[in-house]
Amino acid sequence: MFISKELRKKNIAEYLLYMWQVEDTIRAFGCSLPRIRREYVERFDYSDEQKEDLADWYGNLIRMMNEEGCRETGHLQINRVTLQLLSDLHRQLLSSPKFPFYNTAYYKVLPFIVELRGRGANKDEDEIETCLNALYGTLMLRLQKREITLNTQHAVTEISSFIGMLSDYYKQDKEEGLTF
């Protein structure tokens, strides 16, 4: 909760990746708030009030996951809407002649997107979701201390740079408003 608030302000892509990890954390604890409280929240060096706030936040997310049918897989509606906002901004940036550096970055990562889509189960997935899934998958591999090939590292570096640029434009649009 505390991390998500900060990430949402600073970097929307990192926020989404963090929230996907939170969804997976909830699933790892069987969507059980008592287990999350006992086995997860209690490990943090927070005040009792902060721990209670965090547990309430997890409780709300669990409730939403149950109501939205994403206990096993998928993403919460709040995360899907955020992803959609990023995707919409992506399309606006691409269609505007005012953002040539963004277009260049996009065409640099497009071969990786095409390759990832060719390997993925959901070939109709949005390009930005494909990029975020690649970043999230690599994060999971790193957490599991599994090997990441040089080709994958290169692709992830390029995708990360591109998504970082999109996140910067998102922040700029929210704070100042972009003109297309």
Side-chain angles (χ1 to χ4, degrees), residues 1-44 46 50-92 109 112-146 148 152 155-156 159-160 162-164 166-167 169-171 173-174:
M1 174 181 88
F2 307 112
I3 295 170
S4 70
K5 284 181 181 178
E6 284 303 307
L7 286 175
R8 188 163 182 93
K9 290 180 215 168
K10 290 182 187 175
N11 187 312
I12 197 67
E14 286 182 15
Y15 164 80
L16 267 177
L17 295 172
Y18 176 77
M19 289 304 296
W20 289 0
Q21 189 175 12
V22 166
E23 291 169 342
D24 283 344
T25 298
I26 290 170
R27 290 180 185 113
F29 286 101
C31 295
S32 167
L33 184 56
R35 278 192 65 202
I36 290 172
R37 276 183 196 267
R38 185 178 63 250
E39 299 173 33
Y40 190 67
V41 172
E42 284 302 317
R43 296 180 5 201
F44 292 102
Y46 292 150
Q50 288 174 312
K51 287 180 182 178
E52 193 58 37
D53 288 346
L54 187 59
D56 287 347
W57 183 67
Y58 274 103
N60 286 329
L61 292 174
I62 291 168
R63 181 185 46 77
M64 289 188 295
M65 288 173 77
N66 286 325
E67 289 173 359
E68 296 174 20
C70 57
R71 267 182 77 98
E72 304 295 324
T73 61
H75 299 296
L76 288 165
Q77 181 66 24
I78 56 172
N79 296 331
R80 291 194 314 261
V81 166
T82 302
L83 176 61
Q84 186 60 51
L85 291 172
L86 261 181
S87 295
D88 291 347
L89 178 60
H90 163 69
R91 284 187 288 283
Q92 288 177 300
V109 299
F112 301 122
I113 294 170
V114 170
E115 184 179 344
L116 288 166
R117 278 186 168 169
R119 288 193 225 157
N122 187 358
K123 297 190 188 326
D124 296 326
E125 187 176 74
D126 177 86
E127 291 174 325
I128 300 306
E129 187 173 3
T130 298
C131 290
L132 289 170
N133 277 330
L135 296 175
Y136 188 74
T138 304
L139 171 67
M140 293 297 104
L141 289 173
R142 285 187 177 126
L143 288 173
Q144 296 166 10
K145 300 192 185 319
R146 295 184 51 197
I148 300 168
T152 300
V156 166
I159 290 170
S160 182
F162 168 68
I163 291 295
L166 177 59
S167 290
Y169 279 126
Y170 181 90
K171 182 178 179 187
D173 189 41
K174 292 298 172 203

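Fair warning: this is a prediction, and the values are worked out from it, not measured in the lab.
The backbone N or O of Ala13 lies less than 3.5 Å from a partner atom in the side chain of Ser167, making a donor-acceptor pair.
For the residue pair Val156 and Ala134, the shortest heavy atom distance occurs at CG2-O, 4.4 Å. Shortest non-hydrogen contact noted between Gly30 and Arg71 is O-NH2, 3.4 Å. Considering all non-hydrogen atoms of both residues, Leu17 and Leu132 come closest at CD2-O, 3.5 Å.
Taking the side chain as every heavy atom from C-beta outward, Met65 and Leu76 approach each other to under 4.5 Å. Side-chain contact check for Tyr58 versus Asp53: every heavy-atom pair is 4.5 Å or farther apart. With contacts defined as side-chain heavy-atom distances shorter than 4.5 Å, the pair Tyr18/Val22 qualifies. Contact of the Leu143 side chain with the Gln21 side chain is registered, since non-hydrogen atoms from C-beta on lie closer than 4.5 Å.
A distance of 14.5 Å separates CG of Asp56 from NZ of Lys51, quoted to the nearest 0.5 Å. Atom OH of Tyr170 and atom CG of Leu85 lie 5.0 Å apart (nearest 0.5 Å). For the atom pair OG of Ser87 and CD of Glu129, the computed distance is 7.5 Å after rounding to the nearest 0.5 Å. Going from atom CG of Leu83 over to atom CD1 of Ile78 covers 13.0 Å, rounded to the nearest 0.5 Å. Between atom CD1 of residue Ile36 and atom CD1 of residue Ile62 there is a gap of 3.5 Å, rounded to the nearest 0.5 Å. Atom CD of Glu14 is separated from atom OG of Ser4 by 13.0 Å, given to the nearest 0.5 angstrom.
Electrostatic pairing of Glu68 and Arg63 does not count as a salt bridge here, judged by no charged N lying under 4.0 Å from a carboxylate O.
Considering only residues two or more places apart in sequence or on other chains, His90 meets the ring-ring contact (aromatic ring centres under 6.0 Å, His included) condition with Tyr102, Tyr106, Phe162. Considering only residues two or more places apart in sequence or on other chains, Lys174 meets the salt bridge (charged side-chain N to carboxylate O under 4.0 Å, His left out) condition with none of them. When the side-chain hydrogen bond (donor to acceptor under 3.5 Å, both in side chains) test is applied to Thr82, the partners found at least two apart in sequence or on another chain are Arg8. Remark: Phe44 pairs with Tyr40, Tyr46 by the ring-ring contact (aromatic ring centres under 6.0 Å, His included) rule, at least two apart or across chains. For Arg43, there are no side-chain hydrogen bond (donor to acceptor under 3.5 Å, both in side chains) partners, not counting sequence neighbours.
Few gaps surround CG on Leu141; more than 12 heavy atoms of other groups in view lie less than 6.0 Å from it. The environment of Glu72 atom CD is sparse: at most 12 non-hydrogen atoms of other residues, nucleotides or ligands sit within 6.0 angstrom.
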Practice task
Show your working on side chain to side chain contact (heavy atoms under 4.5 Å, CB included) between Met19 and Leu61 and close with a plain yes or no.
Solution key: CA-CA 10 Å; Met19 289 304 296; Leu61 292 174; 4.2 Å; yes
Practice task
May I have the step-by-step check of side chain to side chain contact (heavy atoms under 4.5 Å, CB included) for Lys10 and Glu6, ending in yes or no?
Solution key: CA-CA 6 Å; Lys10 290 182 187 175; Glu6 284 303 307; 3.8 Å; yes
Practice task
Please assess Glu115 against Arg119 for the test salt bridge (Lys or Arg N to Asp or Glu O under 4.0 Å), listing each intermediate value before the final yes or no.
Solution key: CA-CA 6 Å; Glu115 184 179 344; Arg119 288 193 225 157; 2.2 Å; yes
Problem - Asp126 vs Arg117, salt bridge (Lys or Arg N to Asp or Glu O under 4.0 Å): CA-CA, chis, key distance, verdict - result: CA-CA 9 Å; Asp126 177 86; Arg117 278 186 168 169; 5.9 Å; no
Practice task
Please step through side chain to side chain contact (heavy atoms under 4.5 Å, CB included) for the pair Ile148 and Arg142, ending with a clear verdict.
Solution key: CA-CA 8 Å; Ile148 300 168; Arg142 285 187 177 126; 3.3 Å; yes
Exercise for the section: Could you please spell out the steps behind the side chain to side chain contact (heavy atoms under 4.5 Å, CB included) verdict for Asn79 and Tyr15? Expected result: CA-CA 9 Å; Asn79 296 331; Tyr15 164 80; 4.1 Å; yes
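Ring planes of Trp20 and Tyr136: perpendicular class, angle over 60° (limits at 30 and 60°).
A side-chain contact (heavy atoms from CB on, under 4.5 Å) with Ile128 is found for exactly one of Asn133, Ile163, Asp88, namely Ile163.
The salt bridge (Lys or Arg N to Asp or Glu O under 4.0 Å) contacts involving residues 18-36 comprise Asp24-Arg27, Arg35-Glu39, where partners must be two or more places apart or lie in separate chains.
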